[in-house]
Number of protein chains: 2
Amino acid sequence: MLIGEIAQRTGTTTKTLRFYEDAKLLPAPQRTPAGYRDYSPDVVDRIAFIHDAQKAGFTLRQVGQILDIRDGGESPCVHVGHLVHQRLEEVEQRITELEHTRDRLAALARRTRELDPADCGGYCTIIEAT
Amino acid sequence: MLIGEIAQRTGTTTKTLRFYEDAKLLPAPQRTPAGYRDYSPDVVDRIAFIHDAQKAGFTLRQVGQILDIRDGGESPCVHVGHLVHQRLEEVEQRITELEHTRDRLAALARRTRELDPADCGGYCTIIEAT
DNA sequence: TCGTTCGTTCCAGTAAACTGGAAGGTTCAG
DNA sequence: CTGAACCTTCCAGTTTACTGGAACGAACGA
């Protein structure tokens, strides 16, 4: 299968697939006599896995680590377990931060409705002193 | 005041302050005969405002826009009101996305505890089929 | 005078995940 | 034979907010 077909089947672009190869997420495939990449259908699953892992919030670097472990013949599950916990903590922390930001913004929005723009002194009374 | 003192008073670095100047967030200050930046104490407030706006989740670009309006003599509050609403929506959407990711991860973590690593088939049964 | 610490400029790099474009080769239909 | 639709490589840019480093000048205390 040529790169275009793989791209279509996996819902990506040829650019991205070459990028993944560059980033060692995909092995360098066979080449046709013309020099075109000639993929085994297996890579479709591999790319699907990459997408799954991305949806779970892993970076490509982490996905690469998991894939490396698997390619080495080991079961990556223990490592994945660590990553899941790490990532879960990061996500929870980030949610907390964002909720904080949201509360700040909601307060600003309230002030915006109450304030006469003409009263805006200093840099901006909406934002200041928050 | 020299750049180091400003940095210390505002809790930043000299690097960052030069970067802000480059990014048009701070006006180019006077120079001493030796070519050192010689700031008016006013910039301390300006930098504090930048920090406030960042805490509310605005990008430096947006802060720059607000500052530009103010520097032009207009009251930026109307514009700020728009930005606040925009940003509030973005933040809420992002929180929703992250909560989704968190739920996925929590499910993965549960699976991790239940699964025997030896059963890991395919790419990784923890992540797959999520 | 020496050393330290402050300041200056400019260039380059970081993370993340691509994306765009140039300049060219290949394959196939009409 | 021509044109399109595919493929190739390589280089550079996108976004955000800085950060690091080189190579240098200035101010000041001992």
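We name chains A, B, ... by the order of the sequence lines, and we start the count at 1 in each one.
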Close residues, residues 19-27 of chain B, relative to DNA chain C [heavy-atom separation under 4.0 Å]: none
Between the protein and nucleotides 23-25 of chain C, which nitrogen or oxygen pairs come in under 3.5 angstrom?
| from | atom 1 | to | atom 2 | distance (Å) |
| --- | --- | --- | --- | --- |
| C/dG25 | N2 | A/Y36 | OH | 2.6 |

Under 4.0 Å, counting only non-hydrogen atoms across every strand here, what does A/Q54 touch: a base, just sugar-phosphate, or nothing? sugar-phosphate
Sequence neighbours excluded, which residues qualify as salt bridge (Lys or Arg N to Asp or Glu O under 4.0 Å) partners of B/R61? none
I'd like to know if B/D71 pairs up with B/K24 as an ion pair, taking the criterion as any Lys NZ or Arg NE/NH1/NH2 lying under 4.0 Å from an Asp or Glu carboxylate oxygen. no
Closest-nucleotide mapping onto DNA chain D: is B/P33 or B/T59 further toward the 5' terminus? I mean the 5' end. B/T59
Using 0.5 Å steps for rounding, measure from the CD atom of B/E99 to the CD1 atom of A/I95. 5.0 Å
For the helix from C/dT1-D/dA30 to C/dG30-D/dC1, what angle lies between the axis at the first five pairs and the axis at the last five pairs, to 10 degrees? 30°
Nearest-Å distance, CD1 (A/I3) to C1' (C/dC18)? 14 Å
Nearest nucleotide by nearest heavy atom, which residue falls closer to the 5' end of DNA chain D, A/R37 or B/L60? A/R37
Ordered by number, residues from residues 89-101 of chain B within less than 4.0 Å of DNA chain D (heavy atoms) are none
Can you tell whether the side chains of B/E21 and B/R18 come within less than 4.0 Å, N to carboxylate O? no
With the side chain of B/R18 defined as its heavy atoms from C-beta on, choose the nearest nucleotide among D/dT16, C/dT9, D/dT8. C/dT9
Scan residues 4-17 of chain A against DNA chain C and write down, sorted by residue number, each residue with any heavy atom closer than 4.0 Å; if none is found, say none. A/T13, A/K15, A/T16
Donor-acceptor contact present, side-chain B/T12 to main-chain B/Q8, <3.5 Å: no
Under 4.0 Å between a side-chain nitrogen and a carboxylate oxygen: does that hold for A/E90 and A/R87? yes
Under the 3.5 angstrom rule, does the side chain of A/E5 hit a backbone N or O of A/L2 as a donor-acceptor pair? no
Counting distance only, does the side-chain N/O of A/D38 pair as donor-acceptor with the main-chain N or O of A/Q30 below 3.5 Å? no
